[in-house]
K.L.:
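Take a look at the following structure, please.
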Amino acid sequence: HVQLVESGGGSVQAGGSLRLSCAASGDTLSYYSLDWGWFRQAPGKEREGVATISGGDGSTYYADSVKGRFTISRDNAKNTLYLRMNGLKAEDTAMYYCAAGRLRGKDWRLPHEYRYRGQGTQVTVS
């Protein structure tokens with residue numbers, strides 16, 4: 001089993017930057033083979049995929065709305081996933097969640113495809 005804890009959220013003005021972290025603990029043997037993702041959910045909206053990084057070759061994919069502004073990365077030595085967010089906009093305001101699992105070719109944008117999920121960290125852009 002893997003536990004995920006997000007941090008780094010906060011309030012920022014439009015155009016600003018934040019870096020979210022997702023610390024993993026538990027079954028360390030699983031880390032390197034897992035696919036990882038960041039999701040967000042704004043009030044009244046469905047949870048949407050923001051970015052993903054594969055456990056295999058480290059390939060990354062992004063939602064069109066964040067391409068060029070957000071960067072997903074992972075530090076295997078620290079068992080930590082990151083999301084660097086630049087050029088933040090008001091529409092980026094949401095609760096951000098990290099997730100991990102073995103997608104095996106499934107759609108990375110679907111939250112239920114990930115076995116492990118964190119509790120979220122709030123990002124507010126004004």
Side-chain angles (χ1 to χ4, degrees):
H1 189 71
V2 176
Q3 293 83 38
L4 305 177
V5 178
E6 301 94 337
S7 62
S11 296
V12 64
Q13 290 187 339
S17 299
L18 285 173
R19 189 182 76 161
L20 305 184
S21 299
C22 171
S25 61
D27 180 6
T28 59
L29 294 178
S30 300
Y31 296 155
Y32 304 104
S33 62
L34 293 176
D35 303 305
W36 297 80
W38 283 101
F39 292 81
R40 65 185 182 186
Q41 188 167 19
K45 295 188 177 181
E46 292 187 354
R47 191 169 298 192
E48 64 170 344
V50 175
T52 187
I53 184 166
S54 72
D57 61 5
S59 298
T60 58
Y61 300 93
Y62 298 90
D64 288 343
S65 58
V66 306
K67 278 182 183 176
R69 299 189 298 123
F70 290 12
T71 303
I72 188 172
S73 62
R74 56 189 293 182
D75 186 332
N76 288 340
K78 296 182 178 180
N79 300 323
T80 302
L81 178 75
Y82 300 100
L83 184 68
R84 178 68 181 180
M85 306 186 294
N86 296 327
L88 283 163
K89 305 175 182 179
E91 50 263 44
D92 295 319
T93 295
M95 185 73 78
Y96 283 71
Y97 302 86
C98 64
R102 291 186 177 88
L103 294 175
R104 295 190 174 96
K106 296 179 182 177
D107 190 341
W108 70 268
R109 297 165 294 181
L110 300 178
H112 64 265
E113 298 294 352
Y114 296 79
R115 180 175 181 181
Y116 308 110
R117 292 183 287 273
Q119 295 301 306
T121 184
Q122 177 68 37
V123 172
T124 302
V125 185
S126 59

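Keep in mind that what you see is a predicted model, and the values were worked out from it rather than measured. Numbers for residues simply follow the sequence, beginning at 1.
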K.L.:
Please tell me if the side chains of L34 and R102 come closer than 4.5 Å, counting only heavy atoms from C-beta onward.
P.N.:
yes

K.L.:
Under a single-linkage definition using a 4.5 Å side-chain heavy-atom cutoff for Ile, Leu, Val, Met, Phe, Trp and Tyr, are W108 and V2 assigned to the same hydrophobic cluster?
P.N.:
no

K.L.:
Return the minimal non-hydrogen interatomic distance between Y97 and Q119, and the atom names on each side.
P.N.:
CE2-O, 3.3 Å

K.L.:
State whether the number of non-hydrogen atoms from other residues, nucleotides or ligands found under 6.0 Å of R109 atom CZ is greater than 12.
P.N.:
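12 or below, so no.
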
K.L.:
Closer than 4.0 angstrom, basic N to acidic O: yes or no for R40 and E48?
P.N.:
yes

K.L.:
Please tell me whether D35 and S54 have a donor and an acceptor in their side chains that are separated by less than 3.5 angstrom.
P.N.:
no

K.L.:
Working to the nearest 0.5 angstrom, can you tell me the gap between Y62 OH and T52 OG1?
P.N.:
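OG1 of T52 is found 9.5 Å from OH of Y62.
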
K.L.:
Can a side-chain donor-acceptor contact be found between S73 and R84 if the only test is distance below 3.5 angstrom?
P.N.:
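No pair is found: no donor N or O on one side chain lies under 3.5 Å from an acceptor on the other.
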
K.L.:
Closer than 3.5 angstrom, by distance alone: can the side chain of E6 be matched with the main-chain N or O of C98 as a donor-acceptor pair?
P.N.:
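Indeed, once roles are kept as given, a pair shorter than 3.5 Å links the two residues.
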
K.L.:
Tell me the ring-ring contact (aromatic ring centres under 6.0 Å, His included) pairs involving residues 37-57, sequence neighbours left out?
P.N.:
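For residues 37-57: F39-Y114.
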
K.L.:
Where do G49 and A63 come nearest, in terms of heavy atoms and distance?
P.N.:
O-CB, 3.4 Å

K.L.:
Answer yes or no: is there a donor N or O on one side and an acceptor on the other, between the side chain of S126 and the main chain of Q13, under 3.5 Å?
P.N.:
no

K.L.:
May I ask you to test the L81-L4 pair for a side-chain heavy-atom distance under 4.5 Å?
P.N.:
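Sidechains of L4 and L81: no contact.
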
K.L.:
Using the rule that two of Ile, Leu, Val, Met, Phe, Trp, Tyr join whenever any of their side-chain heavy atoms come within less than 4.5 Å, decide whether L103 and Y116 are in one cluster.
P.N.:
no

K.L.:
Just one of L18, L20, T71 clears the side chain to side chain contact (heavy atoms under 4.5 Å, CB included) bar with L83, so which one?
P.N.:
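The side chain to side chain contact (heavy atoms under 4.5 Å, CB included) with L83 is passed solely by L20 among L18, L20, T71.
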
K.L.:
Work out which heavy atom in A94 is nearest to a heavy atom in A42; give both atom names and the distance.
P.N.:
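Reported closest heavy-atom pair: CB-N, 3.8 Å.
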
K.L.:
Is it true that D64 and K67 have a side-chain N and a carboxylate O under 4.0 angstrom from each other?
P.N.:
yes

K.L.:
For residues 112-126, which residue pairs qualify under salt bridge (charged side-chain N to carboxylate O under 4.0 Å, His left out), counting only residues two or more places apart or in two chains?
P.N.:
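Residue pairs passing salt bridge (charged side-chain N to carboxylate O under 4.0 Å, His left out), neighbours aside: K106-E113.
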
K.L.:
Please report the interatomic distance CZ(F70) to OG(S17), rounded to the nearest 0.5 Å.
P.N.:
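Atom-to-atom, F70:CZ and S17:OG are 9.5 Å apart.
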
K.L.:
Between V123 and M95, is there shared hydrophobic-cluster membership here, with clusters defined by ILVMFWY side-chain heavy atoms closer than 4.5 Å?
P.N.:
no

K.L.:
For residues Y82 and I53: do they belong to one hydrophobic cluster (side chain heavy atoms under 4.5 Å, members Ile, Leu, Val, Met, Phe, Trp, Tyr)?
P.N.:
no

